[in-house]
Amino acid sequence: MSDGFQRDLLRGSLDLMVLSVLADEPQYGYSIQKQIRDVSQGRVDLKAGTLYPLLHRLEADKLIRSKWDDSTGRRRKWYELTKAGQKRLHAQAQEWHSYVECIGQLLTLVLPTLPKPA
Amino acid sequence: MSKSEFDQYLALLSGLLRLSPTQREAIASELRDHLEERLEELLAQGVSRQKAIETALEEFGDANGLAGEFVQIFQRQRRRWMMRMTFGTAAAISAIVLMTSAFWPEGRPGLSPPKLVAQSEANQATTRVPLFSPRLGDADLQAEANLRKRIDVDCIDTPFADALDELEHQSELQFYVKVRYLEDIGISTNEPVTLSLTDVSVDMALQLMLENLDLTYVIRDGIVLVTTAEDFESIAEVRVYNCRDLLEAYVGYDVDESESDSDPSLDHGTDASPAEKKNNRNGKKKKSEDKSSRVEPHRHQSSPKEVFVQFGGGGGGFVGGGGGGGGIGVAQGPMTEEEQLMNIISIAVMPESWEEMGGPGTIGEFDGMIVIRQNPRAHRQVEQVLHMLRDASGQQNWQNAESRRGFMGQGGLGSGGGGFF
């Protein structure tokens with residue numbers, strides 16, 4: 001397991017991560033956090049203290065919506081994407097792809113001279 | 001160690017959340033669920049209980065910072081509503097008023113005193129702009145009059161339907177019973193009714209009769225709709241509360257009108273002549289929107305001092321609709337008086353019924369007038385809160401702030417936003 005990413009690098013993309021985790025099905029806070037941690041192999045450990053304000057902000061922005069449900073045997077607040085959230089996810093995902101591509105292009109010039117990651 | 005440390009943390013956090021009790025509780029129970037699940041996971045990994053509790057709590061960070069973040073989101077959201085309301089409101093209101101007033105009649109909940117409406121009508125008759133103040137339809141005026149008729153009622157174990165027939169006959173009103181809703185709560189039109197009164201208003205007789213059955217009524221298009229209390233609550237009704245007196249009474253309220261031309265962004269291409277602008281000044285008090293950075297269109301219709309707005313129908317799309325919020329910059333700085341007033345209302349009146357708590361109610365503000373879409377019961381409470389505020393602040397002329405209202409049927413007209421809840 002490698003080190004986590006720098007905070008600065010993460011800051012702009014946490015929203016996108018949460019939105020993409022919610023793309024398929026409704027989730028609750030804990031499961032969102034766990035999924036991000038699992039998929040990133042532990043490199044992105046979204047702290048609970050960051051996650052919940054983020055969720056509430058996304059909800060205030062109407063990108064996600066929530067409802068309480070206890071059908072899993074536990075009363076939980078489930079989040080899912082709204083239409084606007086799906087749109088935002090698509091737009092941001094595309095933006096990220098082209099951003100990554102762009103950075104990748106730039107780095108091919110310098111990467112060979114840089115030390116390889118461990 | 002027990003989980004009481006979770007309780008302590010959440011209690012601390014809740015205390016720091018300057019939100020309504022319902023909101024605080026919602027946040028606390030969401031975080032509790034997380035803490036407990038995290039605790040289980042850590043225990044399963046073989047971490048000691050004490051350590052697991054500490055870790056779970058650490059991941060949330062200090063309660064103060066976290067509470068601050070939640071409150072900030074809440075306030076930002078509130079400003080967002082304001083933006084939605086104020087952005088292009090002048091145009092929106094006139095369009096909606098025009099549209100809906102054409103289709104939707106005046107309605108009123110059973111308990112509101114007709115006297116007030118009449119009185120304020122007299123007060124305002126000279127200053128109203130016709131566009132904004134559709135008069136009561138003939139049908140509604142007739143219904144209002146008929147409801148004030150005094151009659152004798154003598155029902156002893158009379159089937160509900162027959163009792164209504166009798167009232168209908170005496171009052172010359174038309175009744176319509178929403179039977180399906182009655183069936184939902186197990187009430188049939190054969191329910192025995194006992195009510196024996198002399199020289200009672202139709203309004204009162206009807207209320208008494210219905211109350212016993214957990215029913216109530218509203219008037220629409222001159223027809224008395226009898227329905228369940230529950231259905232009644234789901235009826236969204238838009239009302240405009242003129243709160244300029246309260247806002248002006250606010251200490252430090254800025255009534256200086258000289259800055260009204262200072263912000264070019266506020267000029268919505270109105271070609272109002274200087275004379276018309278002067279009219280505006282005479283007609284209304286300058287609001288304090290320039291204190292915050294909100295972009296708010298000035299009203300450029302010539303404005304009477306009190307504007308009565310009545311609309312229904314599209315209200316959902318107007319207030320709660322998703323449109324318009326996103327692109328607009330979020331206002332910064334301290335809450336304005338209007339925001340504070342709206343805040344007080346939404347905390348004091350059925351806190352869980354507002355949009356931010358997943359309820360259907362919306363609140364917005366336009367030029368010192370608070371526009372609220374809520375069920376009639378909530379409106380009654382809003383009225384009380386405003387009344388008390390006026391009493392407390394020594395405002396004498398609260399009668400002037402009587403609101404007019406329009407009805408919209410629940411759901412029927414496609415409310416704009418938040419159908420999820």
Side-chain angles (χ1 to χ4, degrees), chain A residues 4 7 11 14-15 18-19 22 26-38 42 44-89 91-92, chain B residues 9 13 17 19 23 25-41 55-81 84 320-327 330 352 355-358 416-421:
Chain A
R7 281 197 77 81
R11 194 171 296 150
L14 290 178
D15 288 13
V18 170
L19 291 179
L22 290 173
Q27 308 250 13
Y28 52 97
Y30 189 83
S31 70
I32 293 170
Q33 184 196 38
K34 195 166 173 353
Q35 199 166 329
I36 290 178
R37 198 189 311 143
D38 290 352
V44 181
D45 191 4
L46 191 49
K47 288 273 178 285
T50 309
L51 173 67
Y52 285 93
L54 192 155
L55 285 169
H56 285 234
R57 184 168 51 74
L58 291 177
E59 189 177 16
D61 289 346
K62 303 242 188 308
L63 295 173
I64 61 177
R65 56 193 167 198
S66 67
K67 62 178 165 190
W68 290 90
D69 184 280
D70 53 8
S71 56
T72 54
R74 204 155 159 160
R75 192 163 174 273
R76 282 192 173 121
K77 198 175 175 189
W78 291 80
Y79 294 92
E80 68 179 8
L81 288 188
T82 61
K83 273 259 158 57
Q86 284 167 2
K87 266 192 199 157
R88 175 70 62 89
L89 172 59
Q92 278 203 353
Chain B
Y9 179 86
L13 180 82
L17 288 173
L19 303 175
Q23 288 172 312
E25 207 179 301
I27 290 175
S29 50
E30 182 177 22
L31 301 192
R32 182 188 304 280
D33 175 50
H34 184 104
L35 285 166
E36 285 172 359
E37 188 144 355
R38 181 71 175 137
L39 176 65
E40 280 169 26
E41 189 189 32
T55 307
L57 284 175
E58 263 170 29
E59 287 168 356
F60 270 101
D62 81 293
N64 203 0
L66 188 59
E69 291 203 54
F70 280 123
V71 171
Q72 214 179 340
I73 291 165
F74 170 79
Q75 287 176 344
R76 203 177 56 115
Q77 186 182 14
R78 189 170 283 285
R79 294 201 187 95
R80 188 72 62 87
W81 298 356
R84 264 208 312 254
V330 174
E352 71 292 349
E355 189 189 34
E356 67 195 359
M357 294 305 294
F420 174 78
F421 291 97

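Quick caveat: nothing in here was measured; it's all calculated off a predicted structure. Proteins come first, then strands; the chains are lettered A, B, ... in the order of their sequence lines, and each starts at number 1.
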Contact origin within [X] toward chain A - heavy atom pairs under 4.5 Å:
X	value
B:Ala26	both
B:Arg38	both
B:Leu35	neither
B:Glu36	both

Nearest heavy-atom neighbours spanning A:His56 and B:Ile27 | CE1-CG1, 3.7 Å
Residues B:Ile73 and A:Pro53: closest non-hydrogen pair is CD1-O, 3.0 Å
Top of B:Ser29, B:Gly65, B:Gly61, B:Ala56 for chain A proximity - count of heavy-atom pairs under 4.5 angstrom | B:Ser29
With salt bridge (Lys or Arg N to Asp or Glu O under 4.0 Å) as the test, would you mind laying out the steps for A:Arg75 and B:Glu30 before giving the verdict?
-> CA-CA 9 Å; A:Arg75 192 163 174 273; B:Glu30 182 177 22; over 6 Å; no
Lys/Arg-Asp/Glu bridge criterion (N-O < 4.0 Å) met for [X], [Y]:
X	Y	answer
B:Asp33	A:Arg74	yes
B:Glu69	A:Arg57	no
B:Glu59	A:Lys47	no

When A:Tyr52, A:Tyr30, A:Tyr28 are each screened for side-chain hydrogen bond (donor to acceptor under 3.5 Å, both in side chains) with B:His34, the one that passes is A:Tyr52
With rounding to the nearest 0.5 Å, note down the distance linking CZ in B:Phe60 to OG1 in A:Thr50.
-> 10.0 Å
Checking heavy atoms, do the side chain of A:Lys34, its backbone, both or neither come under 4.5 Å from chain B?
-> side chain
